[in-house]
Amino acid sequence: MTKLNNLSLIIDELGKTLNPDVIIHHNEQTWTITLSENFCVDVFYISDNNKVVFQSEIEHPNINEEIITKLLLQFNYNWIETGGVRMAQDTDSKSIIQIYDLFLEDLTLSIFIDALERFIEKAKVWSHLFELKNFKNNLSKQFNPII
């Protein structure tokens, strides 16, 4: 069985196990897993690198772009502590994107679900943090100290 076929079967089983609102199979290598009205995870199969990439937009209030850039750079620097989760900013839409690579070697349904659930939990934490006024104020102080 090819890795892509195995991944397709895992995502089919995921629908029975995780109970998402909907799973959209866009094409042979791209899916969107919608978990609620305002949260979805895009899944990309990258055959050249033998991996799956999870990607999700994190909702955030309007925070100074320079502060966001510094925060994302600091977060990415701590890739060991984050388990490899990375953050980026779409320069066109200003959206914050959370990204995670999952390599396909020995991938099983339980490994996929575990990685996806951890990815979702991190995204929810970030969304919640961005909503907190104290968090925004502390970001401003940390990344724009008064001199």
Side-chain angles (χ1 to χ4, degrees), residues 2-4 6-11 13-15 17-18 20-21 23-36 38-147:
T2 69
K3 292 190 174 146
L4 180 58
N6 186 41
L7 177 60
S8 292
L9 290 173
I10 286 173
I11 291 176
E13 284 298 311
L14 175 75
T17 307
L18 194 61
D21 288 352
I23 297 176
I24 301 169
H25 190 178
H26 297 285
N27 58 47
E28 189 175 273
Q29 299 181 331
T30 309
W31 297 261
T32 297
I33 302 168
T34 303
L35 298 160
S36 68
N38 60 355
F39 186 76
C40 62
V41 178
D42 294 315
V43 179
F44 303 94
Y45 170 64
I46 313 297
S47 59
D48 292 346
N49 297 50
N50 194 33
K51 67 181 177 181
V52 173
V53 177
F54 297 150
Q55 178 177 303
S56 186
E57 185 175 335
I58 308 288
E59 290 195 27
H60 68 286
N62 191 12
I63 298 174
N64 179 293
E65 190 172 334
E66 184 178 339
I67 292 172
I68 288 290
T69 300
K70 289 178 180 179
L71 174 66
L72 297 181
L73 287 170
Q74 183 64 47
F75 182 84
N76 289 337
Y77 176 74
N78 294 316
W79 62 272
I80 293 174
E81 289 83 5
T82 68
V85 172
R86 300 178 315 282
M87 303 283 267
Q89 185 176 26
D90 181 328
T91 55
D92 293 332
S93 70
K94 305 296 185 213
S95 298
I96 294 177
I97 308 297
Q98 180 175 283
I99 305 162
Y100 179 72
D101 298 334
L102 179 63
F103 292 91
L104 292 176
E105 196 64 36
D106 301 322
L107 184 66
T108 64
L109 178 61
S110 62
I111 291 170
F112 188 93
I113 288 174
D114 183 53
L116 183 61
E117 286 177 336
R118 284 184 282 122
F119 180 84
I120 292 166
E121 186 58 35
K122 283 180 174 53
K124 287 180 180 178
V125 167
W126 275 107
S127 292
H128 179 70
L129 285 174
F130 283 131
E131 291 172 3
L132 298 174
K133 184 175 182 175
N134 288 343
F135 181 72
K136 289 187 279 186
N137 291 339
N138 288 338
L139 278 179
S140 296
K141 289 176 187 172
Q142 181 177 353
F143 292 114
N144 284 332
I146 299 172
I147 298 175

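For reference, positions follow the sequence shown, starting with 1.
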Spacing of [X] atom [atom1] and [Y] atom [atom2] [to the nearest 0.5 Å]:
X	Y	atom1	atom2	value
T108	I10	OG1	CD1	6.5 Å
C40	I33	SG	CD1	9.5 Å
L14	L9	CG	CG	12.5 Å
D48	I46	CG	CD1	8.0 Å
E105	K51	CD	NZ	14.5 Å
E66	L71	CD	CG	12.5 Å

> Sequence neighbours excluded, which residues qualify as side-chain hydrogen bond (donor to acceptor under 3.5 Å, both in side chains) partners of H128?
Replying inline: none
> Looking at residues at least two apart in the chain, or sitting in another chain, which of them share a side-chain hydrogen bond (donor to acceptor under 3.5 Å, both in side chains) with E57?
Replying inline: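 E57 satisfies side-chain hydrogen bond (donor to acceptor under 3.5 Å, both in side chains) with S95 once adjacent residues are dropped.
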>> For F54, run the ring pair (Phe, Tyr, Trp, His ring centres under 6.0 Å) check against Y45, F44, F119, W31 and tell me which one passes.
In response: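 Per the ring pair (Phe, Tyr, Trp, His ring centres under 6.0 Å) rule, the option paired with F54 is F119, out of Y45, F44, F119, W31.
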[Y] side chain reached by [X] side chain, heavy atoms, under 4.5 Å:
X	Y	result
Q98	Q55	no
L35	L18	yes
Y100	L116	no
T32	V43	no
H26	I24	yes
I99	V85	no
I96	I68	yes
R86	D101	yes

Is a donor on one side and an acceptor on the other found under 3.5 Å between the side chain of [X] and the backbone of [Y]?
X	Y	answer
T30	N27	no
N76	M87	yes
S127	I58	no
N78	E81	no

>> Counting only heavy atoms from other residues, nucleotides and ligands, does the tally under 6.0 Å from NZ of K124 exceed 12?
In response: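 Atom NZ in K124 is not packed in, count stays at 12 or less.
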> Does the side chain of D21 come under 3.5 Å of the side chain of T34 through a donor N or O and an acceptor N or O?
Replying inline: no
